[in-house]
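I have placed the structure first, in the form of structure tokens, so that the comments after it can refer back to it.
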Amino acid sequence: MVLYKTALVTGASAGFGYSICELLASKGLHVIAVARRKDKLAELAKKNPLIMPLVYDVTSNENIITKIEKLAPPFNQVDVLINNAGLALGQDKSQHALIEDWDTMVETNIKGLLHVTHALLPNMVKRNKGYVINIGSTAGTWPYEGGNVYGATKAFVEQFSRNLRTDLKGTAVKISVIKPGLCQDTEFSYTRFKGDAKKVFDVYKDTEAISPHDIADMVLYLISTPPHLNINSVEMMPVCQTYGGLSVTRNLDLKEHPN
Ligand code: 8X3
């Protein structure tokens with residue numbers, strides 16, 4: 001049984017966020033759907049009157065609290081925060097990556113998540129009621145070529161989640177991190193590969209990956225756990241995906257090359 005009345009979901013305009021909003025509202029929660037794209041939020045909000053669209057950019061310096069306070073009750077008090085907004089940009093090796101892409105990932109995946117959490121957490125602690133669910137990634141645990149800053153931001157999300165858990169000691173506020181692996185039916189790869197349809201196609205070719213519904217189901221499960229139980233971390237992969245193992249370069253050239 002869900003013991004929470006309201007949820008705020010960032011990155012609500014597509015993929016995981018969109019599905020999470022739909023599912024939680026269908027279970028009777030009042031859901032604040034946060035994203036930058038007004039048209040997508042309007043489309044989502046039409047699906048259920050319990051969904052309140054809130055246009056907000058997590059990378060802006062505006063405090064989200066000022067916007068939430070203006071919403072009609074019960075939307076003005078958030079019980080469950082789902083920090084879902086995040087992105088990957090590029091999958092080139094570090095030596096070829098664009099610094100602008102690195103900056104954008106840090107701004108969104110780290111700073112955006114921090115700012116929203118910092119704004120909402122004090123009220124949860126004050127009321128001794130709340131749940132923060134951070135969307136991490138398998139990339140935060142398992143390195144892969146070209147995962148560089150994306151994986152590092154998700155490692156941050158995981159460690160920040162653990163540290164939050166320690167800070168919440170002595171309160172009833174819960175915190176979990178969900179770490180999905182390969183996921184389909186989201187904008188993730190289109191964004192990462194900047195619309196390169198061939199690259200996107202190759203990522204999902206002949207696979208059955210995690211769907212946004214799988215993630216929404218997991219969120220619903222987490223917020224339905226009994227008050228005494230905190231699931232610290234959930235790592236999810238499709239059955240078709242597994243660990244890659246370590247790699248070895250044979251006959252490696254260790255000599256310095258002329259400039
Ligand atoms: C998404 C998983 O493997 O594309 O966070 O980095 S992966």
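Both counts, for ligands and for their atoms, begin at 1 and track the order of listing.
When hydrogens are left out, the protein atom nearest atom 4 (O) of ligand 1 is Phe188 CE2, 3.4 Å; that is the closest non-hydrogen contact. In this structure, atom 7 (S) of ligand 1 lies nearest to the protein heavy atom Tyr144 OH, 3.7 Å.
Electrostatic pairing of Glu158 and Lys154 does not count as a salt bridge here, judged by no charged N lying under 4.0 Å from a carboxylate O. A salt bridge does not link Arg37 to Asp39: none of the charged side-chain nitrogens sits closer than 4.0 Å to a carboxylate oxygen. The pair Lys194-Asp101 meets the salt-bridge criterion, with a side-chain N (NZ, NE, NH1 or NH2) lying under 4.0 Å from an Asp/Glu carboxylate O.
Donor-acceptor pairing under 3.5 Å is lacking for the side chains of Tyr18 and Glu187.
A cation-pi geometry, defined here as NZ or CZ lying under 6.0 Å from the six-membered ring centre and within 45° of its normal, holds between Arg192 and Tyr150.
Taking every heavy atom of Ala139 and a limit of under 4.0 angstrom, the matching atoms of ligand 1 come to 6 (O). Atoms of ligand 1 found under 4.0 Å from any heavy atom of Ser137 (numbered from 1 in listed order, with element): 1 (C), 2 (C), 5 (O), 6 (O). Within the listing of ligand 1, atoms 1 (C), 2 (C) sit less than 4.0 angstrom from a heavy atom of Gly181.
Contact annotation: Gly147 has no heavy atom less than 4.0 Å from any atom of ligand 1.
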